[in-house]
Amino acid sequence: LESSRNEANSRRILIETIVRNLTIGVVSLDRENRIETFNLAANNIFSLDDSFGKPLAEILSKQDYVKLQPVLYKIPSLSVGGTVEAEISV
């Protein structure tokens, strides 16, 4: 059990490191579209400082938020831990 936890933790750290260093913006949201995490690239694109827990609609411009709506509509139907991926130009 301890070995499994260590392995899962190592995988989590690896994934976090990869996402943090991507040159594309990555933002994770909860089921209410509140910001949970984002990487440096997303922060540079959207100025997300102090945005944790805030609704995405309050942070993005109306134009950018409208571009994301087709993706956001999919979130409530996800199972726990599910993902939705999309490439959107802003």
Give the cluster check for [X] versus [Y]: same hydrophobic cluster or not, with ILVMFWY residues linked at side-chain heavy-atom distances below 4.5 Å.
X: V26; Y: L48; result: no
X: V19; Y: V71; result: no
X: F38; Y: I45; result: yes

Rounded distance [0.5 Å steps], [atom1] in [X] versus [atom2] in [Y]:
X: L56; Y: F46; atom1: CG; atom2: CZ; answer: 7.5 Å
X: L29; Y: E36; atom1: CG; atom2: CD; answer: 7.5 Å
X: R12; Y: R5; atom1: CZ; atom2: CZ; answer: 13.5 Å
X: S4; Y: N9; atom1: OG; atom2: CG; answer: 12.5 Å

| Would you find more than 12 non-hydrogen atoms of other residues, nucleotides or ligands less than 6.0 Å from Q63 atom CD? | no
| said: Other residues, nucleotides and ligands only: do more than 12 of their heavy atoms fall within 6.0 Å of CG on D50? | reply: no
May I ask you to decide if [Y]'s main-chain N or O and [X]'s side chain share a donor-acceptor pair within less than 3.5 Å?
X: N33; Y: P55; result: no
X: N39; Y: I24; result: yes
X: N43; Y: D49; result: yes

| K54 vs I35, side-chain contact (heavy atoms from CB on, under 4.5 Å): CA-CA, chis, key distance, verdict | CA-CA 6 Å; K54 293 183 180 176; I35 296 173; 5.5 Å; no
| remark: Here the pair of heavy atoms bringing L22 nearest to A41 is O-CB, 3.7 Å
